[in-house]
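Since the structure is predicted, the reported quantities are computational estimates derived from the model, not experimental observations. Positions are given from 1 along the sequence.
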Amino acid sequence: MNLEFNEDQKLLFETVDAAVGRGYPAGARGEATSTERGWNDDVWNTLAELGLTGLTIDGDHGGVGAGPVEVYATLEAMGKHAAAEPLLDGVFLPSWLIAALGTEEQAKQWLPALAEGATTIAVAHAEPRRPWGSAPSVAAAHSGDGSVVLSGVKAPVRHADQASTLLVTAVDGDTTGVYVVDAAAAGITRADGRSADWSRASQVEFAGTPATLLGTTGTDATAAWHTAVARARVAVLAEAVGLMESALGHTVEYLKNRKQFGVPLATFQALVHRASDMYARVELARSMALWATATVEAIDGGADVDLPAIADDAFVFVGDTATAVAEEAVQLHGGIGMTYEAEVAHHAARLAAITESFGGLAAARRRAVASESALRAPSALLNNA
C-alpha cells in the first residue's frame, strides 16, 4: 500500500487548503459557528463549486466518484483550519448510506442535490442513555393506509437545524432500517443546542412522523449501516490530523513569541521537549490515519478485510493521540489556551468532539478489545488486505 499522496491528491489538498484558509483566518471558526447556519456560507459555496460536495457521489448522480484518499486529503485540509462546514456529517455519510441502501429512484432523488451542495442531510442514530452500538429504540409502525410512521427520540443529531432531510435508524419488528424523513414533516419536535466544539446539534423527537424506508421492504440495514459508519470513522481521522497539525503549529509559534522572565518560552528545554513529543504524536497519528484510509481503498478494490474492526483500531489510536495533543496544546498556552478567543481552544474543542463522534472513543476501544484487534501493528493487518 502506498501511504503517500499522488500528484493529483497533493493538488487537491493544496486547493482545499487555500480555499478554506481564505475563509478561516484567526477567529473565524467562532464567527462561523455563531451564525444562523452554524458555518461559513461562502466557504460552503466554494466547496460546492470545487465539486467537493460531490466527492463521494458517482458521476451518474452528478458527483465526482472519488475514492477514500481524496476524502482524506479534503478533510485533512479542512481540519487544518478547524472549518465548521458539515461535509462529512451532512454529505459524505448520507451519500454512502443512500448509495448502499437506496433504490435507484431514491438515489436520483437525493444524491444530485447533495452533489450540488444545495442541501444537507442529517443522520439520526444516537439516542439518549442508549449505547451507540445497540439496536435503535425508535420504532417504525405501519398505519392503516400502508404508510410508515416513526416514534421515539434521537439525540444528538448534528446539524439537524439546517438539514432538509433526516436519515433515521429505526426498528420494524426484528428488522433495523434507515428511514427518510422530511425535516419539516408533521410530528417532529426539535430542540437545538451546541456541541462541545460550538457546532450545532439537536434533540429530535418523532411522534407518528411520516417516513419512507431507504431501500426495499424486508432488507435489514444493519450491515450497510456499520460499513458506512466505519467509513465515516476512518474519514474523520483526517480532520483530526489536520487539527492536530495546526494545534502544534500554534503552540510552537506561541512558545517562540511568548516571553517569561524576559526570554521566549522556547528557550526552556522542558517545553521544547514537550513540543517535540507533540510532533512525534502527530506524525504517528498521520501514519495510522493514512494506513486506515489505504485499507479502505484496498477494500474498495476487493480486499477481504473487516472494515469496522480496522476503523475501531485506527479510531482508538488517533483518538488517544488527539486527546493528548489537545491537552498539551492548551497547557503549553497557559490560561489563554482555555479562552474562546484563542485559536488553539477551537482546535482542542473540535478534537475533543471528534473523540466522541460516531459512538465515541470509549465504545470503539471496547469493541476493539472484544474483537482482540486493539492497536494491532499495521503490518499485521496489511498482510490481510
Side-chain angles (χ1 to χ4, degrees), residues 56 86-102 106 110 114 120-140 148-183 185 188-193 195-196 199-207 209 211-215 219-236 307-308 311-312 315 319 353-364 366-367:
T56 58
L87 202 56
L88 176 57
D89 296 295
V91 178
F92 292 172
L93 178 55
S95 73
W96 289 326
L97 287 168
I98 293 169
L101 292 168
Q106 289 172 328
W110 289 298
L114 282 176
T120 59
I121 295 177
V123 177
H125 175 70
E127 297 178 359
R129 298 175 298 280
R130 193 172 183 85
W132 171 272
S134 61
S137 66
V138 171
V148 177
V149 294
L150 302 183
S151 298
V153 178
K154 296 288 188 180
V157 183
R158 286 180 56 77
H159 304 293
D161 60 327
Q162 295 297 320
S164 63
T165 305
L166 307 176
L167 293 182
V168 186
T169 56
V171 291
D172 180 0
D174 295 329
T175 303
T176 298
V178 176
Y179 293 82
V180 184
V181 177
D182 188 318
I188 289 182
T189 303
R190 199 185 73 231
D192 300 327
S195 299
S199 63
R200 307 298 177 79
S202 305
Q203 175 175 292
V204 184
E205 182 175 354
F206 305 95
T209 305
T212 302
L213 178 67
L214 187 63
T219 301
D220 192 284
T222 302
W225 165 258
H226 285 310
T227 298
V229 170
R231 284 182 174 273
R233 198 177 290 121
V234 170
V236 79
L307 178 56
D312 285 339
F315 193 83
I354 285 175
T355 64
E356 294 302 318
S357 62
F358 307 115
L361 183 56
R366 288 194 295 270
R367 288 191 302 268

Heavy atoms only: give me the nearest [X]-[Y] pair and the separation to one decimal.
X	Y	answer
Ala232	Trp96	N-CZ3, 3.6 Å
Thr209	Ala185	CG2-CB, 3.9 Å
Val171	Ala135	CG1-CB, 4.4 Å
Tyr179	Ala211	CB-CB, 4.0 Å
Ser195	Ala201	OG-CB, 3.4 Å
Leu213	Gln106	O-NE2, 2.8 Å

Spell out, as yes or no, whether a donor-acceptor pair under 3.5 Å connects the side chain of Ser357 to the backbone of Ile354.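 Yes: the side chain of Ser357 pairs with the backbone of Ile354.
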
Here the salt bridge (charged side-chain N to carboxylate O under 4.0 Å, His left out) pairs for residues 168-182, sequence neighbours left out, are none

For residues 148-167, tabulate all N or O donor-acceptor pairs below 3.5 Å that involve a side-chain atom, not counting sequence neighbours.
| unit_1 | atom_1 | unit_2 | atom_2 | d |
| --- | --- | --- | --- | --- |
| Ser151 | OG | Gly208 | N | 3.4 |
| Lys154 | NZ | His125 | O | 3.1 |
| Lys154 | NZ | Glu127 | OE2 | 2.8 |
| Lys154 | NZ | Thr169 | O | 2.9 |
| Lys154 | NZ | Thr169 | OG1 | 2.8 |
| Arg158 | NE | Asp89 | OD2 | 3.1 |
| Arg158 | NH1 | Ser199 | OG | 3.0 |
| Asp161 | OD2 | Arg200 | NH1 | 3.2 |
| Gln162 | NE2 | Glu36 | O | 3.2 |
| Ser164 | OG | Thr119 | OG1 | 2.4 |

Do Thr176 and Asp220 pair up side chain to side chain, a donor and an acceptor below 3.5 Å, judged on atom types alone?
no

Spacing of [atom1] belonging to [X] relative to [atom2] belonging to [Y], to within rounding of 0.5 Å:
X	Y	atom1	atom2	result
Phe358	Arg233	CZ	CZ	8.0 Å
Ile121	Leu114	CD1	CG	4.0 Å
Leu93	Arg231	CG	CZ	11.0 Å

**OP:** Please work out whether the ring planes of Trp225 and Trp132 are parallel, tilted or perpendicular, with thresholds of 30° and 60°.
**Re:**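 Trp225 and Trp132: tilted rings.
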
